[in-house]
Amino acid sequence: MDRVRMLGMSGRATSFGAVAEAYERFRPGYPVELADLVLTYAGRPVRTALEIGAGTGKATRLFAERGIAVTATDPDGAMLAELRKHVPADVRTVQAAFEDVRADESYDLVYAAAALHWTEPERRWSRMAALVAPGGTFASCGGALQLADPAVREAVRVARAPFLASDEIPSPDGTPPDQDLQWPGTELRRSTWFVDVRQSVLERRLTMDADDYVGYLTTVSAYLELPSPHQEQVFDAIRRVLPTTVEVVADLTVHLARRCDERWCAESPSAAGRRGGSS
């Protein structure tokens, strides 16, 4: 943990270990369509994968179950301990922040699920390029749960306001939420190491018990940064304004890109960028 702080990572990025069991219980898993999308894009066999910020292994198991040899990394030992309870025994785990992952081997796929925004921007893509094999795939996905009912959403905002103005994480590069291409696609398009950048949205609607929704909030970094008495107060205030069950929007925005190989890198970055698109 001291090493992580030395790297300048936000305290929010390393606050999850204390709630590892709740994270596993209350955070939704990932749909099989995510693995289908990534592996179809890869267009060739994916035998090895490196996961950045694996947490409790919700995305890890999705790819490991496809027979891929996954190396799951996370800076928090408590999160990895929880992960090992839920993934196949042959998944390799490494306790390390992205900035400390050794680049002495490369992988067919490197991916991050709701974790890439915690990585340091400096040299992010050059380090990523060192980990993805030429012609290999990079994938990132994420998306916060949003209450579907505007009235319920507003009631929760009012209940939260004395403690938090917002519980969201802004775009790391300041991309407006209404822009067609979102981060990290914006950075990938500017990178000289990656081409064929694509953005897709997997739409999901979930129904949750109110208590489970509050349980989810207990794993959100903005609340974890509050003093313990304030956490209890804000969760009580939110629970009081919720109906018995809530509908949530749980869309996943997925970004895909291909590591340059000799064929792709022969083209200029601008030409490579024009090949990218959204679906």
Can you name the side chain to side chain contact (heavy atoms under 4.5 Å, CB included) partners of A20, sequence neighbours left out?
M79, E82
Side-chain touch Y107/R47, heavy atoms, less than 4.5 angstrom
no
For the residue pair V220 and R27, establish whether any side-chain heavy-atom pair is separated by less than 4.5 Å.
yes
Begin from the C-alpha positions of E24 and K85 and carry the test salt bridge (Lys or Arg N to Asp or Glu O under 4.0 Å) through to its verdict.
CA-CA 10 Å; E24 173 61 28; K85 301 176 185 177; over 6 Å; no
Residues L39, R66; criterion side chain to side chain contact (heavy atoms under 4.5 Å, CB included); working and verdict:
CA-CA 10 Å; L39 298 180; R66 299 295 182 99; 3.8 Å; yes
Donor-acceptor pair, R61 side chain versus G57 backbone, under 3.5 Å?
yes
Verdict with reasoning, V156 to V241, per side chain to side chain contact (heavy atoms under 4.5 Å, CB included)
CA-CA 7 Å; V156 168; V241 302; 4.1 Å; yes
Without swapping roles, check the side chain of T175 against the backbone of S171 for a donor-acceptor pair under 3.5 Å.
no
Counting C-beta onward and ignoring hydrogens, is there a side-chain heavy-atom pair between I68 and T48 closer than 4.5 Å?
no
Restricting to pairs with a member in residues 105-119, which pass salt bridge (charged side-chain N to carboxylate O under 4.0 Å, His left out), not counting sequence neighbours?
R92-E105
Using modelled atom types only, decide if a donor and an acceptor are shared between the side chain of D196 and the backbone of R258 within a distance under 3.5 Å.
no
Residues which pass salt bridge (charged side-chain N to carboxylate O under 4.0 Å, His left out) with R84, listed by chain and number, not counting sequence neighbours
none
Do side-chain atoms of K58 reach the backbone of P28 as a donor and acceptor pair under 3.5 angstrom?
no
Rounded to the nearest 0.5 Å, how far apart are OG1 of T60 and CD of E65?
10.0 Å
If you compare all heavy atoms of A22 against all heavy atoms of T218, which two are closest, and at what distance to 0.1 Å?
CB-OG1, 4.2 Å
Grab the two heavy atoms, one from A59 and one from E51, that are nearest each other, plus how far apart they are.
CB-OE2, 3.6 Å
One pair to check against side chain to side chain contact (heavy atoms under 4.5 Å, CB included): V254 and V201. What are the steps and the verdict?
CA-CA 6 Å; V254 184; V201 176; over 6 Å; no
Run the side chain to side chain donor-acceptor pair (under 3.5 Å) check on D173 and T186 step by step: do they pass?
CA-CA 8 Å; D173 69 350; T186 48; 2.6 Å; yes
Do L206 and L147 sit in one hydrophobic cluster, given that two such residues count as connected whenever their side-chain heavy atoms are within less than 4.5 Å of each other, even indirectly?
yes
Set of residues satisfying side-chain hydrogen bond (donor to acceptor under 3.5 Å, both in side chains) with respect to D178, sequence neighbours excluded
none
Specify the closest pair of heavy atoms between M128 and V110, including all atoms of both residues, with the distance to one decimal.
SD-CG1, 3.7 Å
R198 CZ to L181 CG distance, which is reported to the nearest 0.5 Å
13.5 Å
Please enumerate all residues that pass side chain to side chain contact (heavy atoms under 4.5 Å, CB included) together with E122, with sequence neighbours excluded.
none
Taking atom CD of E21 as the centre, does the number of heavy atoms from other residues, nucleotides or ligands within less than 6.0 Å exceed 12?
no
Member of L109, V101, V132 meeting the side chain to side chain contact (heavy atoms under 4.5 Å, CB included) criterion with L50:
V101
With heavy-atom distances below 4.5 Å as the criterion, would you say the side chains of R204 and P31 are in contact?
yes
Closest non-hydrogen atom pair between A139 and V38, with its separation:
CB-CG2, 4.0 Å
Please answer: with hydrophobic residues joined when any side-chain heavy atoms are less than 4.5 Å apart, are L164 and L242 in the same cluster?
yes
Within-4.5 Å side-chain heavy-atom neighbours: F138 and L116
yes
Pairs satisfying side chain to side chain donor-acceptor pair (under 3.5 Å), at least one member in residues 146-158, at least two apart
Q146-E168, E154-R157
Residues that A148 engages under side chain to side chain contact (heavy atoms under 4.5 Å, CB included), provided they are two or more places apart
E247, V249
Do you know the tightest heavy-atom contact between I169 and S221?
CD1-OG, 4.1 Å
Counting distance only, does the side-chain N/O of S191 pair as donor-acceptor with the main-chain N or O of W125 below 3.5 Å?
no
Does the separation of the ring centres of Y223 and F163 fall below 6.0 angstrom?
no
First locate atom OG1 of T73, then atom CZ of F98, and finally report the distance between them rounded to the nearest 0.5 Å.
9.0 Å
Interatomic distance, CD@E33 vs CG@L202, rounded to 0.5 Å, equals 7.0 Å
Once you round to the nearest 0.5 Å, how far does OG of S200 lie from CG of D251?
12.5 Å
Approximate separation, where rounding is to 0.5 Å, of D212 CG and L217 CG:
11.0 Å
Should we count CZ of R127 as having more than 12 external heavy atoms under 6.0 Å?
yes
Which residues pass the side-chain hydrogen bond (donor to acceptor under 3.5 Å, both in side chains) test with S140, not counting sequence neighbours?
none
Could you go step by step and tell me if L188 and V195 meet the side chain to side chain contact (heavy atoms under 4.5 Å, CB included) rule?
CA-CA 8 Å; L188 283 163; V195 294; over 6 Å; no
List the residues meeting side-chain hydrogen bond (donor to acceptor under 3.5 Å, both in side chains) with R124, not counting sequence neighbours, and say none if there are none.
T119, E187
Heavy-atom closest pair (A210 atom, P243 atom, distance to 0.1 Å) is CB-O, 3.1 Å
Using a cut-off of 6.0 Å, state whether more than 12 heavy atoms not belonging to R205 lie near its atom CZ.
yes
Following the transitive rule for hydrophobic clusters with a side-chain heavy-atom cut-off under 4.5 Å over Ile, Leu, Val, Met, Phe, Trp and Tyr, establish whether L226 and F235 coincide in one cluster.
yes
Quick one: list whatever passes side-chain hydrogen bond (donor to acceptor under 3.5 Å, both in side chains) with S126, sequence neighbours left out.
none
Would the distance check show the side chain of D74 and the main-chain N or O of Q95 forming a donor-acceptor pair, the cut-off being under 3.5 Å?
no
Any pair with a residue in residues 19-60 that passes ring-ring contact (aromatic ring centres under 6.0 Å, His included), sequence neighbours left out, goes on the list, sorted by first then second residue, please.
F16-Y23
Does F63 have its ring centroid less than 6.0 Å away from the ring centroid of Y111?
yes
State whether a side-chain donor-acceptor pair under 3.5 Å links T253 with Q182.
no
Got a sec, which pairs hit side chain to side chain donor-acceptor pair (under 3.5 Å) with one end in residues 229-241, sequence neighbours left out?
D211-R239
